Protein chains: 2
Amino acid sequence: MKKASGIRDVARHAGVSSATVSRVLSGQAAVSEQTQARVLAAIQDLGFQPNHMAQGLRRGRSTTVALLVGDIEQGVYASLTKHIQPALEGLGLDLLLYNLGHSQDRLQNILARTEAMRLHGIIVAASDLLSTPNIQSLAAKVQEQGLPVIAVGLSLQAHGIPSIVYDDRGAIRRSVSFMLESYGGPVAYLGRILGSASGTERFAGYQDALAARGLAVDPRLVWDSAYRYKAGWDSVQDALDRGLSFRAIQAGSDEMALGAMAALQARGLRIPEDVAVTGIGDIEASAYLCPALTTHAAFPAAVAETIAALLEDHRRRKPLAPVTTLERSFVRRASA
Amino acid sequence: MKKASGIRDVARHAGVSSATVSRVLSGQAAVSEQTQARVLAAIQDLGFQPNHMAQGLRRGRSTTVALLVGDIEQGVYASLTKHIQPALEGLGLDLLLYNLGHSQDRLQNILARTEAMRLHGIIVAASDLLSTPNIQSLAAKVQEQGLPVIAVGLSLQAHGIPSIVYDDRGAIRRSVSFMLESYGGPVAYLGRILGSASGTERFAGYQDALAARGLAVDPRLVWDSAYRYKAGWDSVQDALDRGLSFRAIQAGSDEMALGAMAALQARGLRIPEDVAVTGIGDIEASAYLCPALTTHAAFPAAVAETIAALLEDHRRRKPLAPVTTLERSFVRRASA
DNA sequence: CTGAAAGCGCTTACAG
DNA sequence: CTGAAAGCGCTTACAG
């Protein structure tokens, strides 16, 4: 806990110039072994740590990556953040978190603020359909500033932004097909979230499954809704009030599925004997409910690794993979 | 989207010196109205934004606040983060997130890394008992570096660190008393988490409630456990296997309460007819389960406001309130 | 109220 | 392999 010392102090202590200290710090330039040893010792002795702001100013970029998430309170984003932070730390990068709260305006403000801080990169993890100006703003950063921008959960590949996505359409197709076969009766779709990129993808999987069996989509069994528990609860209460009948529900997220299950149980319906339920996302709570929720797992660790790899590729000026698609895995539990 | 322009460009554009531009930027020094207007216009014209790294280097501190959370996947920390980020943004500050994963080693590493970045402040939101070296390291930052450090969820007031805490002991005392009165039978305590500051506080509330009725604590009905859903599930399964009998459960967190409820239901027990359950925290899921969980609410918005106020006080060199205690509010729902 | 100048702590051509 | 010097983009005494 010495007073903040600078590179000059280290240089003096080691009997070299500050340029040399800087060189051993960067590890890039060639420095003789002896010199290096002496500098390293001086750094140790003084407990020296290079000033990030000075380095950033000089290098023209910070060591900070902005992570913009749809809503940190949602399990998906929380677990993603939990894995991304240490992955960045491994690359010597720090994570600046911005919670979008699913607002395009907020995204726009943040993107504007962001210019001034010479970020090292931007990760956008949001399932919302982004507004055109926002996408253009992101694409501009990639092209003009050479700033790596990575999209997670929605594909911005068409705009030249490397993306990491799940094959949600395929996943939902499989689980809906499974429920159609196992339970026969009609399968409702909960949460065709308008304005959500992944919501749209997932709903397409539902359509695929019905189409494969020559079934038509019954609009009364497609429930638009907001995100979250309450939406699931409300939609099911509403459907039951209207006397609709269905044998199973595919929810667009685990949160909605849990809300739906509570509503079914509150009405005295048994899961899965009366109505089967499947979610997608596999949030932590899903495994510890009664009955436990059948769902599709996510792989936040794999996403974090992919992000780290892309960032490394960018550093080495390698071309970045335009899109990385991860498969969901179906987690069969008691609810379906 | 102009090329990054500097203060000099603005100065030239406005026909003044860069010192003057800096002055209108800071808003601190006196500048004539005309000059100010011209500078502002130039800033507009060029879309100028001051370089954060340069400002930080010169001022000796960044505009970045580090938020260290126990585990971002837990509802408490997620909702706290969600509210703190915009509160900081309102003060022109950015949030650097570090996920501790409840590890003292990680905290130590982060605290060490942190030296180099000339932070604007540090917020520690963790319920773990901090290790002595970590507390000393935090206290040292307050004293030597004049860096504001704020503790949330655990009181570090004894170490000169302003703290924001809930009266969890009082809250648990009230709900345990309530269950004792309503259900008569024995109340078990789930989650006396060893090594957790708030875990200890909460358990003390349980002891208070029993003591107030002249009851002794039955050690078989005090279940130590880890955090989270699984712990709640396992503890209850275990207690049931051992043939223990209890009429109600006070859980040390909502997550544990939900895990416990699932375990009870899996064994065919009804809630609250056979066993009543109360949690603490009021995570989003709690309201949308069947039955909905009776719990104690948190007030993340109030915490965020308090943090912002403390940071402002620090900026104005006012003394900071050593401790701010918030009351929980009891949310009576169906589970107890 | 305003400007010229020094300097925050680094990195990186440029010489040698 | 190493050093002296310039400069990244700001802010802030110091004069006037």
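These values consider heavy atoms only, across backbone and side chains, with no hydrogens, waters or symmetry-generated copies. Just so it is clear, the model here is predicted, and its values are computed rather than measured. Lettering follows sequence order; numbering is per chain, from 1.
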Calculate, to the nearest 0.5 Å, the distance between atoms [atom1] and [atom2] belonging to [X] and [Y] respectively.
X	Y	atom1	atom2	value
B/Gln36	B/Leu40	CD	CG	6.0 Å
A/Tyr98	B/Asp94	OH	CG	3.5 Å
A/Ile84	A/Ile123	CD1	CD1	5.0 Å
B/Leu97	A/Ile72	CG	CD1	7.0 Å
B/Ile164	B/Phe299	CD1	CZ	14.5 Å
A/Leu57	B/Asn51	CG	CG	6.0 Å

Rounded to whole angstroms, how far apart are [atom1] on [X] and [atom2] on [N]?
X	N	atom1	atom2	value
B/Arg58	C/dC8	CZ	C1'	6 Å
B/Arg8	D/dT11	CZ	C1'	14 Å
B/Arg12	D/dG9	CZ	P	12 Å
A/Arg118	D/dG9	CZ	P	7 Å
A/Leu57	D/dG9	CG	P	7 Å
A/Arg59	D/dG9	CZ	P	16 Å
B/Arg61	D/dT12	CZ	C1'	17 Å
B/Phe48	D/dG9	CZ	C1'	8 Å

Watson-Crick or G-U pairs under 3.5 Å in DNA chain D, rendered as dot-bracket with [ ] for crossing pairs and | for another strand: |||.||||||||.|||
message: Looking at B/Ser163 and B/Leu156, would you say the former's side chain and the latter's main chain have a donor-acceptor pair under 3.5 Å?
response: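 At least one qualifying donor-acceptor pair exists.
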field: Contacts of type ring-ring contact (aromatic ring centres under 6.0 Å, His included), residue B/His13, not counting sequence neighbours
entry: none
query: Is it the case that B/Gln85 and B/Glu89 place a side-chain donor and acceptor less than 3.5 Å from each other?
result: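 A pair is found: one side chain offers a donor N or O, the other an acceptor, under 3.5 Å apart.
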query: Any side-chain donor paired with an acceptor under 3.5 Å for B/Asn134 and B/Gln104?
result: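 Yes, a side-chain donor-acceptor pair sits under 3.5 Å.
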- request: With sequence neighbours excluded, tell me which residues meet side-chain hydrogen bond (donor to acceptor under 3.5 Å, both in side chains) with B/Arg316.
  value: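 side-chain hydrogen bond (donor to acceptor under 3.5 Å, both in side chains) list for B/Arg316, sorted by chain: B/Glu312.
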message: Does a side-chain N or O of A/Gln55 approach OP1 or OP2 of C/dT11 to a distance below 4.0 Å, or not?
response: yes
query: Taking atom P in both D/dT2 and D/dA6, what distance in whole Å separates the two?
result: 23 Å
task: Provide the distance between the two P atoms, one in D/dG9 and one in D/dA13, to the nearest whole Å.
output: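 Taking atom P in both D/dG9 and D/dA13, they lie 23 Å apart.
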Heavy atoms from C-beta onward define the side chain here; which of [options] lies closest to that of [X]?
X	options	answer
B/Ser17	D/dC10, C/dG9, C/dA4	C/dA4
B/Ala30	D/dG3, C/dC1, C/dG7	C/dC1
B/Ala54	C/dT2, D/dC10, D/dA5	D/dC10

field: Residue pairs involving residues 53-69 of chain B (criterion side-chain hydrogen bond (donor to acceptor under 3.5 Å, both in side chains); sequence neighbours excluded)
entry: none
field: Selection: residues 20-29 of chain B, any non-hydrogen atom under 4.0 Å of DNA chain C
entry: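 Correct list: B/Thr20, B/Arg23.
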task: Mind running a 4.0 Å heavy-atom check of residues 32-44 of chain A against DNA chain D and sending the residues that fall below it, in number order?
output: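 The stretch gives A/Ser32, A/Thr35 as the residues lying under 4.0 Å from the strand, ordered by number.
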